[in-house]
A.B. asks: 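Okay, here's the structure, questions in a sec.
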Amino acid sequence: MLTSISDVRDLLATQQYIASDEIATAMFLADKLGKPLLAEGPAGVGKTELAKSWAGATGRELIRLQCYEGLDETRALYEWEYAKQLLYTQLLREKLSDLLGDAKTLREAADRLAGEEDVFFSERFLLPRPLLRALTSERPVVLLIDEIDRADAEFEAFLLEVLSDFQVSVPELGTIKARHMPTVLLTSNNTRELSEALKRRCLYIHIDYPDLENELRVVQLKVPGLAPRLARQAVELVQRLREMDLKKHPSVSETLDWARALVELNSRQLDKATLDTTLSVLLKYESDIRRARRALQGGPDRPDRPERPDRPDRPRGGYRGGEWTN
């Protein structure tokens, strides 16, 4: 039973998830108000990890629906087990003589046969997909609808009934309501604009890249084997890269991958050789790697993105022997 925002922060901390005040407040309100939470922001900042951590912290099963272009109801909600239905059809065929043998008219025989149709469209032949599993679970679950912006607008519209009433309509069975209200988290990387109808049904939070000190806390928590001075140097460099005009900026998950790589390589400082051989762990485009190398060596480069006033702690200048220069 959550009584305060600090309870949320403490719960997430048990899963090594460092929650900001905004994240802790959003999760607290989502739990208290019984509303889905839509988390938007760049890829790799911890949106999916938030759902995983909340499931682990509350002891609930995590049911994940990964969205993609072309996703439809049969993949998200349910489908019929046609092979099983076919097997029952064969069994019915063997029983037809017993079922219809004493029918006096064709109409009576047809009515009897129609009465058996419900057998083939019952829950015994229903194969639940993530949405239906979340609604029919015997225990409360955490439902993660991941990267909803990758799904089509039609599927987004289909979700509205689930998100507003926690129920779905199955034509052959009727309306199925949730046995227990799930905790629903939706994530979006902002690849397309989501509808107002969807946003209206959700609480909203934007999760951005963490500042230097918070990202350093994450690295120290997740990669304790990295020396403190090297951890700070690594995070400072990642923060610098995010200010450059790159195709893809390094995510927090890639920062952690790089930190683990530095541990495995027994690195002591971020010298030029280490940067040259490991920069591809952070950057995934050759053009980004070339641009970053030029900038870090103090060479000519295209103008970086304008400095953001809310991030005054980002270092400037070139990089020499493990130290920033102005």
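Just so it is clear, the structure is predicted and the values come from calculations on it, not from any experiment. Note that these values count all heavy atoms, side chains included, but never hydrogens, waters or copies made by symmetry.
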A.B. asks: Over all heavy atoms of both residues, which pair between Gly46 and Tyr17 is shortest? Give the atoms and the distance, please.
C.D. replies: O-OH, 3.1 Å
A.B. asks: So for atom CZ, which belongs to Arg268, do other residues, nucleotides or ligands contribute more than 12 heavy atoms lying within a distance under 6.0 Å?
C.D. replies: no
A.B. asks: Evaluate side chain to side chain contact (heavy atoms under 4.5 Å, CB included) for Tyr78 paired with Thr136, printing each intermediate quantity in order.
C.D. replies: CA-CA 12 Å; Tyr78 72 94; Thr136 59; over 6 Å; no
A.B. asks: When you check the gap from the basic side-chain N to the acidic O, do Arg75 and Asp72 get nearer than 4.0 Å?
C.D. replies: no
A.B. asks: Assess whether atom CZ of Arg150 is packed by more than 12 heavy atoms of other residues, nucleotides or ligands within 6.0 Å.
C.D. replies: no
A.B. asks: Among residues at least two apart in sequence or on other chains, which ones pass side chain to side chain contact (heavy atoms under 4.5 Å, CB included) with Asp276?
C.D. replies: Lys272, Arg293, Gln297
A.B. asks: Give a yes or no answer on whether the side chain of His249 reaches the backbone of Glu243 with a donor-acceptor pair at less than 3.5 Å.
C.D. replies: no
A.B. asks: Would one find more than 12 heavy atoms of other residues, nucleotides or ligands at under 6.0 Å from atom NZ of Lys177?
C.D. replies: no
A.B. asks: More than 12 non-hydrogen atoms from neighbouring residues, nucleotides or ligands closer than 6.0 Å to NZ on Lys284, yes or no?
C.D. replies: yes
A.B. asks: Is Asp146 salt-bridged to Arg64, going by a charged N under 4.0 Å from an acidic O?
C.D. replies: yes
A.B. asks: Side chains of Ser20 and Asn214: closer than 4.5 Å at any heavy-atom pair?
C.D. replies: no
A.B. asks: Does Lys248 reach the main-chain N or O of Asp288 with its side chain, forming a donor-acceptor pair under 3.5 Å?
C.D. replies: no
A.B. asks: Within this structure, what is the CZ-CD distance for the pair Arg229 and Gln269, rounded to the nearest 0.5 Å?
C.D. replies: 6.5 Å
A.B. asks: Check whether Thr274 reaches the backbone of Leu270 with its side chain - one donor and one acceptor, N or O, closer than 3.5 Å.
C.D. replies: no
A.B. asks: Taking atom CD of Glu69 as the centre, does the number of heavy atoms from other residues, nucleotides or ligands within less than 6.0 Å exceed 12?
C.D. replies: no
A.B. asks: Apply side chain to side chain contact (heavy atoms under 4.5 Å, CB included) to Val219 and Leu256, showing your working.
C.D. replies: CA-CA 6 Å; Val219 170; Leu256 295 174; 4.1 Å; yes
A.B. asks: Identify the two heavy atoms, one from Leu283 and one from Pro250, that lie closest to each other, and give their separation to 0.1 Å.
C.D. replies: CD2-CD, 3.9 Å
A.B. asks: Can you name the nearest heavy-atom pair linking Ser251 to Ala43, along with the distance?
C.D. replies: CB-O, 3.4 Å
A.B. asks: Minimum heavy-atom separation for Val223 to Val263, with atom names?
C.D. replies: CG1-CG2, 3.8 Å
A.B. asks: Going by the rule salt bridge (Lys or Arg N to Asp or Glu O under 4.0 Å), which residues pair with Arg217 if we only count those two or more places apart in sequence or in a different chain?
C.D. replies: none
A.B. asks: Any sub-3.5 Å donor-acceptor pair from Asp7's side-chain atoms to Leu2's backbone N or O?
C.D. replies: no
A.B. asks: When you check the side-chain N and O atoms of Ser169 and Glu161, is any donor under 3.5 Å from an acceptor?
C.D. replies: yes
A.B. asks: Enumerate, atom names and distances included, each donor-acceptor pair closer than 3.5 Å involving a side-chain atom of residues 197-205, sequence neighbours excluded.
C.D. replies:
{"residue": "Lys199", "atom": "NZ", "partner": "Glu193", "partner atom": "OE2", "Å": "3.3"}
{"residue": "Arg201", "atom": "NH1", "partner": "Ala197", "partner atom": "O", "Å": "2.9"}
{"residue": "Tyr204", "atom": "OH", "partner": "Glu40", "partner atom": "OE1", "Å": "2.9"}

A.B. asks: Which of these passes side chain to side chain contact (heavy atoms under 4.5 Å, CB included) with Gln239: Thr255, Leu212, Leu216?
C.D. replies: Leu212
A.B. asks: Of the non-hydrogen atoms in Ala57 and Leu11, which two are nearest, and what is the gap between them?
C.D. replies: CB-O, 3.3 Å
A.B. asks: Could you state the interatomic distance from OH (Tyr68) to CD (Glu147), rounded to the nearest 0.5 Å?
C.D. replies: 13.0 Å
A.B. asks: As an exercise, state the distance from CG of Leu279 to CZ of Arg290, rounded to the nearest 0.5 Å.
C.D. replies: 12.5 Å
A.B. asks: State whether the side chain of Asp152 and the backbone N or O of Phe155 hold a donor-acceptor pair below 3.5 Å, judged by distance alone.
C.D. replies: no
A.B. asks: Is the side chain of Arg60 donor-acceptor paired with the backbone N or O of Ala55 at a distance under 3.5 Å, no angle test?
C.D. replies: no
A.B. asks: Between Val45 and Tyr209, what is the shortest heavy-atom contact and its length?
C.D. replies: CG1-CD2, 3.5 Å
